[in-house]
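Worksheet: one structure, shown below.
Residues take their numbers from the sequence shown, with the count starting at 1. Just so it is clear, the values below take in all heavy atoms, side chains as well, and ignore hydrogens, waters and symmetry mates. Here the structure is a predicted model, which means the values were calculated and not measured.
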Amino acid sequence: MKATVIATFFGVFLTCTYTAKDATKKTKKAKLYVPQIDCDVKAGKIINPEFIAKCPPGCQDVKYRVYGTDIYASFSSVCNAAIHSGIIDNTGGKILVQKVAGHSGYRGSFSNGVRSLSLPRWRESFLVSEGKPRKGVTYPTTLEYSSSKSTTVKSEPKKPEQDLKGMKSADTANTSEKALEEGDTVRKENQTTPVPTPATQMATTTPTPMTTTTDPSTTMPQPTKTPAATRTTAAAAKTRPGLHRVRDMGSSSVHPAYASVVAAAARQVQAAQGRGQNTAFRGTSTSASNSNILRHNTAMETDSWKPGLNLFYTDCKVDLSFLMDGSWSIGKRRFQLQKRFLGNVAQALGIGSAGPLMGIVQYGDDPSTEFNLKTYANSKDLRNAIEKIQQKGGLSNVGKALSFVNKNFFLDANGNRGGAPNVVVVMVDGWPTDRVEEASRLARESGINIFFVTVEAAAQSEKQNVIEPNFVDKAVCRTSGFYSINVPSWFSLHKVVQPLVKRVCDTDQLACSKTCLNSADIGFVIDGSSSVGTGNFRTVLQFVANISKEFEISDTDTRIGAVQYTYEQRLEFSFDKHSTKQDVLNAIKRISYWSGGTSTGAAISYASEQLFSKSKPNKRKIMILITDGRSYDDVSMPAMAAHQNGVIAYSIGVAWAAPDELEAIASDPAKEHSFFVDEFDNLYRYVNQLIQNICTEFNSQPRN
């Protein structure tokens, strides 16, 4: 009887246990849906401050760049950074990403088959760890991107009860995704988003379609033309003989390519406001293609700024100099309008030691500093100081002013912080009375981002008075239109306060700041001797191309040149021959194998004379020499002469190359500037190492 009771008790106990387990399974939370991202997605493109994502296979590739070790700059590929840190391998997997503050320096390293690069500074960082949810944290099932170029990852299907909580219908969501693809970055309400900044909360009004030109190279929406009577009155106050009228900018109708974008954006905002939602526009914050910049500038730059309103871009840390036009041609009234504009910009920026700093240089016959970066640490004091500025008078010597700023303004003693991009905004009434091309080139090569705001440019009948046609395109940081704004009248200046502030604060697009990838003249000296052979020579050219494609190539960024040598030497192409990356890669592919002896010393002397003697001022001169054997002549004296002339020499030896010659050719320390492989097919292994060493050396040098 006792045994029967015990058996019955255990039976009931086991039954209750299994019932409890079944109940636990039923009440267990649904599995977290993890969105997938592509290998090329950078952390800075994703707005969510913390998220779990799934990386696909195949992200361990040199083209997916990584900057930093353990803590990575947000400019890095998220998935390749996860591989570098050892969280996942090249087969992909789930990762947890947490955004953290920017750092003043990121150390590169080689880890888990990935070479990360060094970076002197970046405005945002991220940490990557195993893809497990943290307790108490809700993770988004849809990631929100800040760039119109990135498409939105689809989330898991919504349950009916979720729709009752104000979620968008499928039709609305599809319309929003289409708008994103066309360049409109209306924030979606069905996404998990961080708290909007004041800058994003502000833009809640329906955008008015702006007048644009039909020229696809022009990216600024043009304000409505000033009536003829106004232009006549404006011209009468000027002392310069030629009247400064609106430049002929083409059709005044909205460009068809942008009309649908603006209309879609308007419909989205109206629909959201009808539901009581806070829908905000976000401009792109990435180094995008020209087509993306066109869409961004046209559709997104609405004039919602009003006097007294602070935009306060939270990540806007720039050292800003305004070149103020004080020439007699501007007149007293327009000079006052210019001062009001500068005061409004200062107010919109929110001047402060942790954010943007602003100084002013006034130019006429000669430039002079009104106040520098460290003079005023808040917008109120800065605006008061601007009101007290007296007009200098004289000509409009913009070139002289740019030279002055380049040499004197961005100094540590004047408040330059080093960790903030240097930006110059040039105000021009009409046109300069001196040349700007050379002065602006030197300024750009010093890492200065140059913007132009031109007012009342030359009409067709006045162009004979312009000393340097197309002076804006010759002076600005880029000719994409991002760096230039034309205003038809000084009375319209208030309309460009917000567009200008947004551009100046878009640090991802301030592409003229110097880095290890955009500030060199790189000359390849290639051994074309008989011992190399045709097949191996093509392998060498592929090695040269793989290195070249890692750099930002243009006439103002890194430039590439090449010399082939045997007993003799041949200039394949000079630094100024090709100004785009694709042109350089095509030129490398066209180099034909020469065959002959090996006179490496003579080749170094030839490259010094034909390539590096023509290098631009302020450019780092880098020679990369590839050889497969011992030279028939002396290499030490030509190499020493090149070093003394500022050439940084890297030597790459293959097969029978002599180690002592490689060290003699290389700059000090030789172990960081010389490499050796036993066969040509292994050259590719040193692409990452070479780029890393170039960047490490660059980052160790003092700069602005």
Side-chain angles (χ1 to χ4, degrees), residues 62 65-69 104-111 114-121 514-527 540 543-544 546-548 550-551 558 560-561 563 600-601 603-605 607-608 611-612 615 618-631 633-678 682-703:
V62 66
R65 291 180 186 160
V66 178
Y67 298 86
T69 301
S104 59
Y106 298 84
R107 178 178 59 84
S109 64
F110 185 81
S111 178
V114 176
R115 167 65 63 186
S116 71
L117 303 177
S118 297
L119 197 67
R121 61 183 180 274
K514 293 172 70 176
T515 70
C516 59
L517 302 178
N518 69 11
S519 58
D521 281 345
I522 301 177
F524 289 94
V525 181
I526 305 168
D527 186 348
V540 171
F543 174 68
V544 171
N546 288 342
I547 293 172
S548 299
E550 291 299 309
F551 290 87
T558 289
I560 305 292
V563 166
T600 306
I604 295 172
S605 297
S608 296
L611 276 178
F612 295 107
S615 185
N618 300 327
K619 287 284 186 183
R620 299 171 70 237
K621 296 181 283 189
I622 298 176
M623 178 175 70
I624 300 175
L625 185 144
I626 307 113
T627 181
D628 80 325
R630 182 175 288 278
S631 177
D633 61 355
D634 174 63
V635 300
S636 58
M637 294 304 292
M640 186 181 299
H643 299 163
Q644 291 173 347
N645 288 327
V647 175
I648 303 168
Y650 289 85
S651 58
I652 294 96
V654 188
W656 300 280
D660 59 322
E661 288 187 348
L662 296 178
E663 291 186 4
I665 294 167
S667 296
D668 290 329
K671 66 178 182 178
E672 295 179 6
H673 292 82
S674 60
F675 306 90
F676 179 83
V677 293
D678 54 357
N682 291 331
L683 275 172
Y684 75 94
R685 296 178 179 176
Y686 282 111
V687 172
N688 285 341
Q689 183 65 59
L690 186 61
I691 301 296
Q692 168 66 20
N693 287 11
I694 289 172
C695 285
T696 299
E697 186 172 50
F698 174 84
N699 293 336
S700 67
Q701 302 300 313
R703 314 189 296 287

Any residue meeting salt bridge (charged side-chain N to carboxylate O under 4.0 Å, His left out) with [X], in chain and number order, not counting sequence neighbours:
| X | result |
| --- | --- |
| Asp628 | none |
| Asp660 | Arg630 |
| Arg115 | none |

Heavy-atom donor-acceptor pair, Ser116 side chain to Tyr67 backbone, under 3.5 Å: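 No: the side chain of Ser116 does not pair with the backbone of Tyr67.
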Polar side-chain atom of Arg65 near backbone of Glu550 as donor-acceptor pair, under 3.5 Å: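 The answer is yes, because a donor-acceptor pair under 3.5 Å joins these two groups.
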Over all atoms of both residues, closest heavy-atom pair of Ala607 and Val525: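 Reported closest heavy-atom pair: CB-CG2, 3.8 Å.
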Phe698 versus Ser519, closest heavy-atom pair with distance: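 Where Phe698 meets Ser519 most closely, the heavy atoms are CE1-OG, 3.3 Å.
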List the residues meeting side chain to side chain contact (heavy atoms under 4.5 Å, CB included) with [X], not counting sequence neighbours, and say none if there are none.
| X | value |
| --- | --- |
| Arg107 | Thr69, Ser109 |
| Ala639 | Ile604, His643 |
| Lys621 | Phe612, Ser615, Val647 |
| Phe675 | Tyr650, Ile652, Tyr686, Gln689, Leu690, Asn693 |

Atom [atom1] in [X], atom [atom2] in [Y]: separation rounded to 0.5 Å?
| X | Y | atom1 | atom2 | result |
| --- | --- | --- | --- | --- |
| Asn682 | Phe676 | CG | CZ | 10.5 Å |
| Gln692 | Leu117 | CD | CG | 5.5 Å |
| Ile626 | Thr600 | CD1 | OG1 | 11.5 Å |
| Met623 | Asp521 | CE | CG | 14.0 Å |
| Arg620 | Glu697 | CZ | CD | 5.5 Å |

Determine all donor-acceptor pairs shorter than 3.5 Å in which one atom belongs to a side chain in residues 661-668; sequence neighbours excluded.
from   : atom 1 : to     : atom 2 : distance (Å)
Glu661 : OE1    : Ser631 : N      : 3.0
Glu661 : OE2    : Ser631 : N      : 3.4
Ser667 : OG     : Ala649 : N      : 2.8

pair Val62-Asn546: side-chain heavy atoms closer than 4.5 Å: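 No, too far: nothing below the 4.5 Å cut-off.
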Ile694 side chain reached by Phe551 side chain, heavy atoms, under 4.5 Å: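 Yes, side chains in contact.
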All side chain to side chain donor-acceptor pair (under 3.5 Å) counterparts of Ser651, not counting sequence neighbours: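 Here no residue qualifies.
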Side chain to side chain donor-acceptor pair (under 3.5 Å) partners for Thr627, two or more places apart: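 Asp527, Tyr565.
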Ring pair (Phe, Tyr, Trp, His ring centres under 6.0 Å) involving Phe524 - partner list, sequence neighbours excluded: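 For Phe524 there are no ring pair (Phe, Tyr, Trp, His ring centres under 6.0 Å) partners, ignoring immediate neighbours.
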